[in-house]
Each structure stands twice: as structure tokens, then as C-alpha cells.
Amino acid sequence: MLDEKLDDIYSEVLRRNPAEPEFHQAVREVLGSVGPVLSKSPNYASQKIIQRICEPERQIIFRVPWQDDHGDVHINRGYRVEFNSALGPYKGGLRFHPSVSLGTVKFLGFEQIFKNALTGMPIGGGKGGADFDPKGRSEDEIMRFCQSFMTELYRHLGEYTDVPAGDIGVGTREIGWMFGQYKRITNRYESGTLTGKGLAWGGALVRPEATGYGAVFFLQEMMKVQGRSVDGRTCVVSGAGNVAINAIAKLEQLGGTVVACSDSQGYVYDPDGIHLPTLREVKEVERKTLEAYAERRPNSQHHVRGNIWEVPCEIALPCATQNELNASDAARLVANGCLAVAEGANMPTTPDGIEILRQGGVLFGPGKAANAGGVATSALEMQQNAARDSWSFSKTEAKLAEIMSSIHEQCAATAEAYGRPGDYVLGANIAGFVKVAEAMCALGLI
Ligand code: NDP
């Protein structure tokens, strides 16, 4: 239940942003946490900080025309939502997926504001993408799409303005094609304009691993509070993309056994533990479905369209997409003795799913805290670009671990201060919100 004032604000958000359910869900969750802050800081209300935070500073929607290999013309829609720049240039990834709409990009951009604040780095929040489906497209087609996308987007970017990175459907390969086109149009090698670049052309070590590793570092911190660890635990990780694969790698390094992972076609169960080289070969090199994994690992089983959350585990990491873990999945995790859930993806657990996990006593690390390692390491990449420097893997990984520990500490301390120890959702929302709100107050009515 929201209090009356927040309820009015939320109704207004619904009215002004119709048919954007994911954005509504993200706003509702933050408003559900910040009530106690407003009673402590009346100037936030008089400055209409919440209403301003819920309204993006700028929303860019553009046409992306491109030609396929047969010469047929296609038109997609591109988006960049520059949500909040109180703490720094807009920062957040680009998603290429047929489900992308303005509402999707707004939900992701909104989450990004608070996540970026939690990292302690000077970065604002933004997100972008297109309703383009890279599945089944040739490399040439995807390159042409990336070039056309950047031909419009470039005018809105810059290291002091807006700095995109990857997300679903956008990895180092796509960032390369977009960075190439940006460089060509502007005639400037502005490394700090995009992050997630390849190592040979301005990228940073650990950036590819950072989101997955960071989620596991956050998980470790939560478990440490209870005197537990990852070692010897059975784990399930949904997804088989950048975040999932690197989360699996770190869980295995720490002594966990990951028995299942998934993609958009189903999940694979491997009782011996997911074999990373096979997984990487199938998903990163060959870009096939997990069926190809099961064919190469005789003890494993592929469940077409199956629900990965039916696999019993002590640790669950949803690392695929939004709303992939619902109330009945959460109930099943609780019944199966799950101890902890850390969100590698953005908003993968539905609100009723979160409530069931909470009631079941499961540790819960929300995405805006648990998956902040990716954007934090993007900010480290920007630092290295600005200084014309490159750091070693161990130095960068240590820095990432330190940032994740600090995010955990902020969330835990804030939850404690507001009388809800262990509530990382409340802690993350309030700690992130207060940083942004303070900066917005200081910068005046803009
Ligand atoms: P990738 O494109 O690398 O991988 C996404 C994975 O999720 C793929 O295995 C894909 O299946 C699966 N997937 C995508 N959509 C669906 C769906 N609707 N149902 C089931 N499975 C699906 O993306 P990332 O790993 O980069 O991103 C995963 C999540 O993490 C997203 O929520 C993203 O916003 C979030 N995130 C990513 C960050 C990053 O640094 N990359 C940073 C912070 C958050 P398939 O292989 O069949 O396509």
C-alpha cells in the first residue's frame, strides 16, 4: 500500500504513461519504498523530486531503416531515454530485441538511475535500444542495422552527455560496429562515448565478466551476513548470455555447482555441473540453442520450453529478462529450500514473487543493487579511457569486488536505519533515491 500522496503521484504516472506496464511496475516498487524518506525530508515534496524523477529529461524515438541480404528494406524503431543526469552523463545499455518498446526502455532507464547512484560513480541514468530481432540475421545484416542505428543516435551521445553500453542482443561485436560508425561520422576517436568495447580498441578488462561476477559478489556479501557461503551449494542460473555465463563462471570458481541454465527456447539440466567451455562454445561462438549443449553432454537433459525454476537449488540467479520469476516460481523455490536469490537481470522477479521470497525467509538481492557491477565497471572503463590507461584484470576485479561490497553495505545499513534489517529492496531504493534527490535539490529547478 502506498500512502495517499504517493498514491496520487503514482496515479499521475499511470495517466501520463499509458500502456507501459513494466515502467509502472518499476515506479511502483520505488514509490513503495521511499515513503519514510519523504517524511524525513519535506523539501523533496516541495521540490516535487519524485514527480521530476519519474519524468525522463529527454526521450528520443527514431526510425532505423536497413536492408537485408536480399535487398529488402526493413524499418525498425530506435529509442534512447535520457532519464536523469543529476549525478553525471546518462549511462545505460542498448537492447536489441523484438519486445523492446518505449515502456521497456523507460523501465530500464528508471532502474538505471538508482543503480548508477548506488555505484558511487558520477553517472546518470539512461537506456536505449530497438525492436530489432538479431536472431537469424547474418553478420552483415546486423552490422548494417548497427550502422543505421548509430547514424541517428550519434548526435545525442558524448562522454559528457550520454554513454551507452550493451544489454540483451548487444555485445562487444555490436558495440564495435556502432563505435566504428560513430568514429566515422564524427571523425573523432572518442573512446569514452561507448563502453563494453573490445580490448584492442579501448575496452577494459573485466567489463565482459562484470555484471555476472558482480551479482555473485553481492550474493556472497548477503550470505556472509548469515555466516554462509557459496561453497558446496547447488545453484540454478537462468539465461545463457553475457550475465548468466559469467555468473556461472564465478559461482563455479567459488565452489558452487550450477546444475541448470536456460535460454529463450528452454533449459538444460546437467547434474554434473554446467560445463562452461561447452556452454560458451554453443552460445557465444556458434550462437545455437541449449539443445546443442545437451547433445554434447550425455548426462544432461534439455527441456524445451521448460521452467528452470522447477529445478531444486539453494541459490537462484535470474539472469535472463524481466518478470521471468513469478509467484508460483518463488513458492517452488521456497518449498525446495532455496536460501538466496540475487538478480543478475533487470526486474526478473515479479512483485508478488518478491513478497513470497521475503515471507519464505529467502535472502533477496534486487537487480538495481546486485547487477550494478556491469555499469560500475563501465564507469571504470570510462576512467581508463579518460586517462589513456589500462588496468590489469586483478586490479579491476578487486575494484569491482570493493564496489559490490560497498553497495551491499549501503543497502544493508539503509534497511537497518529504516527499521527493516535484511530488506535489500528497501535499502537499495532508499539509498539510491536519496543520492539522486540530494543532487537534484542542489542543482535547482531544472
Ligand atoms: P544477452 O543477450 O547476452 O543474454 C540474454 C539471455 O537471456 C539469452 O540466453 C537469452 O536467450 C535469454 N532471454 C532473453 N529474453 C528472454 C525471454 N524473453 N525468455 C527467456 N529467455 C530470454 O543479455 P545479457 O546477459 O546482457 O542481459 C541479461 C539481463 O541482464 C537483462 O535483463 C539485462 O538488462 C541485464 N543486465 C545486463 C547487463 C550487462 O552488462 N550486459 C548489466 C545489467 C543488467 P537466447 O540465447 O535464446 O537469446
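If you read the sequence from its start, that first residue is 1, and numbering goes on from there. The shown structure was predicted, so the numbers you read here are calculated from the model rather than taken from an experiment.
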Just checking R173: does its CZ atom have more than 12 heavy atoms from other residues, nucleotides or ligands closer to it than 6.0 angstrom? yes

Short question: side chain of D329, backbone of N326 - any donor-acceptor pair under 3.5 Å? yes

Please determine whether side chain to side chain contact (heavy atoms under 4.5 Å, CB included) holds for the pair R16 and C54, giving the CA-CA distance in whole Å, both sets of side-chain angles, and the decisive distance to 0.1 Å. CA-CA 10 Å; R16 285 169 66 80; C54 292; over 6 Å; no

Does the side chain of F149 come within less than 4.5 Å of N76's, by heavy atoms? no

Inter-residue atom distance E416.CD - E409.CD, 0.5 Å rounding: 10.0 Å

Hey, does the side chain of R52 reach the backbone of Q47 with a donor-acceptor pair shorter than 3.5 angstrom? yes

Would you please test M121 and M382 for side chain to side chain contact (heavy atoms under 4.5 Å, CB included) and show each step? CA-CA 11 Å; M121 320 290 280; M382 290 163 74; over 6 Å; no

Could you go through the side chain to side chain contact (heavy atoms under 4.5 Å, CB included) check for K127 and V81 one step at a time? CA-CA 5 Å; K127 199 84 187 189; V81 173; 5.6 Å; no

Please name the pair of heavy atoms, one in V163 and one in G192, separated by the smallest distance, quoted to 0.1 Å. CG1-O, 3.4 Å

Tightest non-hydrogen contact, residues I123 and T119, listed as CD1-OG1, 4.1 Å

With a 4.0 Å cut-off on N to O distance, would you call K435 and E438 a salt bridge? no

Could you point out which residue of N84, L87, V436, V375 forms a side chain to side chain contact (heavy atoms under 4.5 Å, CB included) with N116? V375

Side chain to side chain contact (heavy atoms under 4.5 Å, CB included), paired with K106, selected from E20, H24, E111: E20

Between E397 and K250, does any NZ, NE, NH1 or NH2 come within less than 4.0 Å of an OD or OE carboxylate oxygen? yes

Side chains of P164 and M178: does their closest heavy-atom pair fall under 4.5 Å? no

May I ask you to test the L363-L339 pair for a side-chain heavy-atom distance under 4.5 Å? no

Could I get the full list of ring-ring contact (aromatic ring centres under 6.0 Å, His included) partners for F179, not counting sequence neighbours? Y189

Can you check whether L290's main-chain N or O pairs, donor with acceptor, with D263's side chain at less than 3.5 Å? yes

Would you find a donor on one side and an acceptor on the other, under 3.5 Å apart, between the side chain of E57 and the backbone of S85? yes

Has N336 got a side-chain atom pairing as donor or acceptor with C338's backbone, closer than 3.5 angstrom? no

By side chain to side chain donor-acceptor pair (under 3.5 Å), E190 pairs with (sequence neighbours left out) Y182, R188, T193

According to the interplanar angle, ranging from 0 to 90°, do the rings of F23 and F110 count as parallel (below 30°), tilted (30 to 60°) or perpendicular (above 60°)? perpendicular

Compute the centroid of each ring, for F218 and then for Y424, and state whether the two points are separated by less than 6.0 Å. yes

Mind checking what makes ring-ring contact (aromatic ring centres under 6.0 Å, His included) contact with Y267, not counting sequence neighbours? H303

Atom of A340, atom of M223 and distance for their closest heavy-atom approach: CB-CG, 4.5 Å

Got a donor-acceptor contact below 3.5 angstrom from the D131 side chain to the R77 backbone? yes

E159/N385 under side chain to side chain donor-acceptor pair (under 3.5 Å): CA gap, chis, key distance, verdict: CA-CA 10 Å; E159 67 175 302; N385 292 152; over 6 Å; no

Would you say the side chain of I274 lies within less than 4.5 Å of the side chain of V268, judging by non-hydrogen atoms? yes

Go through it in stages, so that I can follow the logic: the residues are F364 and E343, the test is side chain to side chain contact (heavy atoms under 4.5 Å, CB included), and I'd like the CA-CA distance, side-chain angles, deciding distance and then a yes or no. CA-CA 8 Å; F364 180 75; E343 294 187 325; 3.2 Å; yes

Rounded to the nearest 0.5 Å, how far apart are CG of L219 and CG of L251? 6.5 Å

Hey, are N43 and S41 close enough side-chain-wise for a donor-acceptor pair under 3.5 Å? no

K368/E29 salt bridge by N-O under 4.0 Å criterion: yes

Which residues pass the side chain to side chain donor-acceptor pair (under 3.5 Å) test with Q181, not counting sequence neighbours? T151

State the CZ-CD1 distance between R233 and I315, to the nearest 0.5 angstrom. 6.5 Å

If you round to the nearest 0.5 Å, how far is CD1 of I175 from CG of L94? 6.0 Å

By ring-ring contact (aromatic ring centres under 6.0 Å, His included), which residues pair with F107, not counting sequence neighbours? none

Minimum side-chain heavy-atom gap M404-V216 below 4.5 Å: no

Does the R95 side chain pair with the main chain of A130, one donor and one acceptor, at a distance under 3.5 Å? no

Contacts of type ring-ring contact (aromatic ring centres under 6.0 Å, His included), residue Y79, not counting sequence neighbours: none

For A345, does its backbone N or O pair with a side-chain atom of N371 as donor and acceptor, under 3.5 Å? yes

Rounded distance [0.5 Å steps], CD in E174 versus CZ in F132: 8.5 Å

With a 3.5 Å distance limit and no angle check, can you tell me whether Q383 reaches the backbone of A379 through a side-chain donor-acceptor pair? no

May I ask you to check whether over 12 heavy atoms, not counting those of R280, lie within 6.0 Å of atom CZ? yes

Any side-chain heavy atom of F145 within less than 4.5 Å of one from P134? no

With a 3.5 Å distance limit and no angle check, can you tell me whether N429 reaches the backbone of V34 through a side-chain donor-acceptor pair? no

If you define the side chain from C-beta out and look only at heavy atoms, does anything of L317 sit under 4.5 Å from C235? no

Nearest heavy-atom neighbours spanning M222 and A342: CE-CB, 4.4 Å

If you look at every heavy atom in A249 and Y213, which pair is closest and at what distance? CB-CE1, 4.4 Å

Between S406 and L118, is any pair of side-chain heavy atoms under 4.5 Å apart? no

Test E22 against Q322 for side chain to side chain donor-acceptor pair (under 3.5 Å), laying out the working first. CA-CA 8 Å; E22 293 158 336; Q322 62 270 18; 3.0 Å; yes

Value rounded to 0.5 Å, distance of CD1 in I308 from SG in C261: 6.5 Å

State, to 0.1 Å, how close A247 and C319 come at their nearest heavy-atom pair, and which atoms those are. CB-SG, 4.3 Å

